[in-house]
Amino acid sequence: MNHNSTMGMDHGHHHHHTTALPTTDGHDHGGNGGGHHGNHGGMAMTFYFGYNNVELLFTGLLINSPGEMVGACIGVFLLAVLYEGLKIGREVLLRRSQVNVRYNSMPLPGTDGTVLMETHKTVGQRMLSPAHFMQTLLHIIQVVVSYFLMLVFMTYNGYLCIAVAAGAGMGYFLFSWRKAVVVDITEHCH
């Protein structure tokens, strides 16, 4: 076939079929009437701001009004604050439960033939202790809450995503200042 010819190509014999595919699978995640926001099998794949037919975590938990969205955002915000509080609370409980403290001394030969004593502090806790059971229970709760927050963020609803981020920030602000930072001034290797 010679593509350099001056003959025009007639594409009239090609039939182009265009059909409008539904953008949702029974769910309108838009604000006032929806709009296209990259649905994939009924799930939003781009961020959007809306409050109609927004499913939140469970099938029966459906947001359909601005008031319901505000309530959901407050709940998600508080859940994110709780998550940050759990993280810091577990660290505090861990420090309090470390009652098994031992000091071990080891003799080290000095450079001039003398013997130096080096002391090490060992901290631990028992596996079958109430403190460890409490840590385990709080860890399970923390993991479940973190997955809930992840799933809320994966709705791609802008209002809910902002609530997750703002709650995490507020939780960090409220609880992290209690977190003790230990600085070893003798440590020179980083």
Side-chain angles (χ1 to χ4, degrees), residues 16-98 125 127 129-183:
H16 297 282
H17 297 285
T18 57
T19 57
L21 296 174
T23 58
T24 61
D25 198 15
H27 300 284
D28 175 20
H29 293 282
N32 297 324
H36 180 70
H37 52 270
N39 284 338
H40 182 70
M43 184 175 147
M45 297 306 288
T46 59
F47 289 99
Y48 69 98
F49 288 90
Y51 53 82
N52 287 333
N53 293 328
V54 179
E55 280 187 329
L56 184 62
L57 296 177
F58 302 102
T59 303
L61 194 54
L62 195 63
I63 299 168
N64 279 314
S65 71
E68 290 174 353
M69 180 57 78
V70 169
C73 287
I74 290 171
V76 167
F77 177 87
L78 293 175
L79 192 65
V81 170
L82 170 71
Y83 174 74
E84 293 296 325
L86 274 171
K87 286 193 320 187
I88 301 300
R90 284 187 56 220
E91 289 180 18
V92 169
L93 286 176
L94 184 62
R95 282 194 298 273
R96 287 184 185 167
S97 68
Q98 293 175 336
Q125 73 181 47
M127 185 171 83
S129 66
H132 187 64
F133 283 119
M134 179 60 80
Q135 282 286 340
T136 302
L137 177 65
L138 290 175
H139 177 74
I140 292 168
I141 293 169
Q142 182 181 344
V143 167
V144 169
V145 169
S146 71
Y147 280 122
F148 278 176
L149 291 171
M150 177 196 66
L151 290 172
V152 167
F153 209 92
M154 288 177 61
T155 65
Y156 288 99
N157 183 286
Y159 300 123
L160 295 173
C161 292
I162 289 170
V164 169
M170 179 60 75
Y172 183 83
F173 177 78
L174 292 174
F175 300 113
S176 70
W177 67 272
R178 293 177 172 236
K179 188 175 178 177
V181 178
V182 178
V183 179

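Worth saying up front: this structure is predicted, and the values here are computed from it rather than measured.
Under the 4.5 Å side-chain criterion, counting only non-hydrogen atoms from C-beta, N157 is in contact with M69. L61 places none of its side-chain heavy atoms less than 4.5 Å from the side chain of E55. Between E68 and N64 the shortest side-chain heavy-atom distance falls below 4.5 Å. V145 has its side chain within reach of L79: a pair of non-hydrogen atoms, C-beta onward, lies under 4.5 Å apart. Side-chain contact between L174 and E84 is absent, with no heavy-atom pair separated by less than 4.5 Å. Y83 places none of its side-chain heavy atoms less than 4.5 Å from the side chain of V144.
To the nearest 0.5 Å, atom NE2 of residue H132 and atom CG of residue L94 are 10.0 Å apart. Atoms CD1 and CD, from I140 and Q135 in turn, are 11.5 Å apart once rounded to the nearest 0.5 Å. Here L56 contributes atom CG and I63 contributes atom CD1; the two are 5.0 Å apart, rounded to the nearest 0.5 Å. Atom CG of L138 is separated from atom CD of E91 by 12.5 Å, given to the nearest 0.5 angstrom. Atom-to-atom distance recorded for I88:CD1 and L93:CG is 11.5 Å, nearest 0.5 angstrom.
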Would you give me the side-chain donor-acceptor pairs under 3.5 Å for residues 159-172, sequence neighbours excluded?
none

Contacts table for residues 146-154: side-chain donor-acceptor under 3.5 angstrom, sequence neighbours left out:
{"residue": "S146", "atom": "OG", "partner": "Q142", "partner atom": "O", "Å": "3.4"}
{"residue": "S146", "atom": "OG", "partner": "V143", "partner atom": "O", "Å": "2.7"}

